[in-house]
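In what follows, a structure is listed as structure tokens, so that the remarks can point back to it.
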Amino acid sequence: MTIANPPKALILLVALLCITVLLGIGKIDQAVAMPMISAIVFYGIGNGVAASKNQESPKIFQHKTPPDDVN
């Protein structure tokens, strides 16, 4: 499996590292950090499972489609 969307992977990695560092230095509580870490990890796992089954994972952003009746 390859990383198809490096920016998305980088954002997940940076978020995970930042939350872990903030937890380590005591700036956020463990009750707050663990759900965020779990959400990031399981989001990444979900995208990996979808990729292994050749399913498209939902995009965070996409282009707006123009209205049909543009005058």
Side-chain angles (χ1 to χ4, degrees):
M1 188 178 337
T2 61
I3 296 177
N5 193 343
K8 184 191 266 186
L10 181 63
I11 290 169
L12 290 176
L13 179 64
V14 169
L16 187 61
L17 290 174
C18 288
I19 293 169
T20 304
V21 167
L22 288 172
L23 178 63
I25 62 174
K27 292 291 184 181
I28 57 175
D29 193 276
Q30 184 176 3
V32 174
M34 292 311 292
M36 289 190 291
I37 291 173
S38 298
I40 291 169
V41 168
F42 286 116
Y43 179 78
I45 290 171
N47 279 332
V49 169
S52 70
K53 294 181 178 181
N54 289 329
Q55 297 173 346
E56 185 176 333
S57 62
K59 294 179 174 67
I60 295 175
F61 301 106
Q62 65 185 30
H63 295 283
K64 289 177 64 175
T65 56
D68 293 333
D69 58 345
V70 176
N71 293 328

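Bear in mind the structure is a predicted one, so any value in this text is a computation, not a measurement.
Listed by chain and residue number, Val41, Phe42, Val49 satisfy the side chain to side chain contact (heavy atoms under 4.5 Å, CB included) test with Ile45 (two or more places apart in sequence, or in another chain).
Members clustered with Leu10: Val14, by chain and number, using a 4.5 Å side-chain heavy-atom cutoff among hydrophobic residues.
The CG atom of Leu17 sits 9.5 Å away from atom CD1 of Ile40, with the distance rounded to the nearest 0.5 Å.
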Going by atom type alone, with no hydrogens or angles, which donor-acceptor pairs under 3.5 Å involve a side-chain atom of residues 18-32 and a protein atom two or more places apart or on another chain?
| from | atom 1 | to | atom 2 | distance (Å) |
| --- | --- | --- | --- | --- |
| Thr20 | OG1 | Leu16 | O | 2.7 |
| Asp29 | OD1 | Ala31 | N | 2.8 |

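Linking Ile, Leu, Val, Met, Phe, Trp and Tyr whenever their side-chain heavy atoms come within less than 4.5 Å puts Tyr43 and Met36 in one cluster.
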